[in-house]
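The block underneath contains the structure these notes are about, expressed in structure tokens.
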Amino acid sequence: MIIHHYTDALTTAKAIAEDIFVRGAQITPLHIAISGGSTPRMLFELIASPEWRERIQWKNIHLYWVDERCVPPTDAQSNYGMTAESLLRHVPLSETQIHRIQGENDPESEALRYTQFVNSHLPLTEGLPTFDVVILGIGDDGHTSSIFPHAMHLLEERTPYVVATHPLGQQRICLTGPTIGVARRVLYHSVGESKQAILQAIVNKSPESLTYPAAYFTHKRTDIELFTDQALDLPL
Ligand code: 6PG
């Protein structure tokens, strides 16, 4: 794992903004899958601010979602809704560059529609759609995308998007393991003290981390990156 450590959450967001959105989108089209939850909001507000907005080649960016809650886009739970409010309303991205998961649709048919969509819009690697960048969050129970500890089989599910269920029952549509595995770059964006213990366990590859879906990719590829504000003890 490649760890990028910064002093605080804002500096962490600035590092991702510079690396992925400014530098990464400079020349060629960049197909990025973004996560939801609360962590990305700071990054989105940052790159939507006038100072950063002008430095980004928005015409090269295509946005996709790692996961979506099965709610309408106007619902406070919607990952698209959060992104629209903090980012999309403020930047020159056209509708043809924003590929949202339609959380208001029937979950099974939407997972199929979105799977077919990414399969036909992205290059394929070993038959799987290949994102340039996948930005993942990490939940307090070690989940990533909407792959929760009770559904570890989704780490090996070859259909790119499937229906998943949050432990409290909410249905979601989520990107599965093998498609995350073939992305050109995969990074975790995880900040705040509440993530410290879980990040430390993942970095140490400790026995309990084997139950964390987020730890799975650190075993699969050594080039997975972590952008964090948490100081971690690195194994010798
Ligand atoms: C979601 C996500 C999810 C998220 C983690 C971390 O829809 O909730 O995409 O995988 O990245 O739960 O969430 P926080 O950023 O809120 O801690």
Side-chain angles (χ1 to χ4, degrees), residues 1-16 19-20 32-43 65-67 69 79 126 128 131 133-162 164-170 172-236:
M1 184 182 244
I2 303 164
I3 299 177
H4 307 275
H5 173 247
Y6 305 95
T7 48
D8 52 56
L10 182 58
T11 317
T12 309
K14 284 182 179 171
I16 298 177
D19 188 341
I20 303 297
I32 312 181
I34 54 172
S35 286
S38 55
T39 306
R41 183 181 277 274
M42 183 183 278
L43 169 65
W65 271 260
V66 165
D67 60 350
R69 293 97 182 264
N79 285 338
E126 297 157 23
L128 296 168
F131 290 105
V133 182
V134 172
I135 305 180
L136 297 168
I138 300 181
D140 294 347
D141 59 355
H143 79 260
T144 192
S145 176
S146 281
I147 306 177
F148 294 93
H150 69 263
M152 298 293 271
H153 64 281
L154 297 183
L155 293 167
E156 298 191 352
E157 165 61 60
R158 283 187 65 84
T159 306
Y161 283 87
V162 297
T165 310
H166 184 277
L168 295 179
Q170 183 186 56
R172 297 182 171 196
I173 291 167
C174 79
L175 182 60
T176 52
T179 303
I180 295 172
V182 298
R184 300 221 161 85
R185 265 181 94 175
V186 180
L187 52 102
Y188 287 117
H189 178 195
S190 190
V191 295
E193 268 178 48
S194 67
K195 312 286 184 184
Q196 161 82 31
I198 215 132
L199 291 176
Q200 188 64 66
I202 291 174
V203 164
N204 287 353
K205 297 196 164 114
S206 71
E208 84 257 31
S209 76
L210 293 175
T211 62
Y212 303 154
Y216 172 86
F217 299 103
T218 63
H219 296 276
K220 283 273 160 193
R221 51 192 287 181
T222 50
D223 64 346
I224 195 152
E225 299 173 60
L226 168 65
F227 284 74
T228 188
D229 63 348
Q230 295 301 296
L232 302 168
D233 295 327
L234 301 182
L236 296 175

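A quick note: this is a predicted structure, and the numbers were derived from the prediction, not measured.
Looking at every heavy atom in both residues, Asp8 comes nearest to Thr12 through O-OG1, 2.8 Å. Closest non-hydrogen pair, Ala201 versus Ser209, comes out as O-CB, 3.5 Å. Taking every heavy atom of both residues into account, Ile180 and Ser145 meet most closely at CD1-CB, 4.4 Å. The two atoms that bring Ile198 and Gly139 nearest to each other are CD1-O, 4.0 Å, heavy atoms only. Contact between Thr144 and Gly137 at its shortest, heavy atoms only, is OG1-O, 2.8 Å.
For the pair His150 and Pro167, the minimum side-chain heavy-atom distance is below 4.5 Å. Taking 4.5 Å as the limit, every side-chain heavy atom of Asp67 sits out of range of all side-chain heavy atoms of His143. Within the 4.5 Å cutoff, the side chain of Pro213 has heavy atoms near those of the Leu155 side chain. Using a 4.5 Å cut-off on side-chain heavy atoms (C-beta onward), Val133 and Leu187 make contact. Counting only heavy atoms from C-beta outward, the side chains of Ile34 and Pro40 never approach each other to under 4.5 Å.
Among pairs with a residue in residues 140-152, those fulfilling salt bridge (Lys or Arg N to Asp or Glu O under 4.0 Å) read Asp140-Lys195, at least two apart in sequence or across chains. For residues 207-223, every residue pair satisfying the salt bridge (Lys or Arg N to Asp or Glu O under 4.0 Å) rule, not counting sequence neighbours, is listed here: Arg221-Asp223. The ring pair (Phe, Tyr, Trp, His ring centres under 6.0 Å) pairs that include a residue from residues 202-222 number zero, where partners must be two or more places apart or lie in different chains.
Atoms CG and CG, on Leu136 and Leu175 in that order, are 7.5 Å from each other to the nearest 0.5 Å. One distance of note links NE2 of His189 with CD1 of Ile138; it measures 10.5 Å at 0.5 Å rounding. Once rounded to the nearest 0.5 Å, the distance linking CG of Leu199 with OG of Ser194 reads 9.0 Å. Between the OG1 atom in Thr179 and the OH atom in Tyr161 there is a gap of 8.0 Å [rounded to 0.5 Å]. Interatomic distance, Thr218 OG1 to Ile2 CD1, rounded to the nearest 0.5 Å: 12.5 Å. Here the CZ atom belonging to Arg69 is positioned 7.0 Å from the OG atom belonging to Ser146, to the nearest 0.5 angstrom.
For Tyr188, the ring-ring contact (aromatic ring centres under 6.0 Å, His included) criterion is met by no residue, not counting sequence neighbours. Applying the side chain to side chain contact (heavy atoms under 4.5 Å, CB included) rule to His166 yields the partners Phe148, Leu168, Gln170, Arg172; only residues at least two apart in sequence or on another chain are considered.
Between the side chain of Thr222 and the backbone N or O of Met1 there is no donor-acceptor pair closer than 3.5 Å. With Thr176 contributing its side chain and Thr159 its backbone, the two residues share a donor-acceptor pair below 3.5 Å.
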side-chain contact (heavy atoms from CB on, under 4.5 Å) for Val191 and Met42? Distances and angles first, verdict last. CA-CA 11 Å; Val191 295; Met42 183 183 278; over 6 Å; no

How far apart are the C-alpha atoms of Ile147 and Cys174, what are their side-chain angles, what is the distance that settles it, and do they pass the side-chain contact (heavy atoms from CB on, under 4.5 Å) test? CA-CA 7 Å; Ile147 306 177; Cys174 79; 4.2 Å; yes

N/O donor-acceptor pairs under 3.5 Å from side chains in residues 227-235, not counting sequence neighbours:
{"unit_1": "Thr228", "atom_1": "OG1", "unit_2": "Ser190", "atom_2": "O", "d": "2.7"}
{"unit_1": "Thr228", "atom_1": "OG1", "unit_2": "Gln230", "atom_2": "N", "d": "3.1"}
{"unit_1": "Asp229", "atom_1": "OD1", "unit_2": "Gly192", "atom_2": "N", "d": "3.0"}

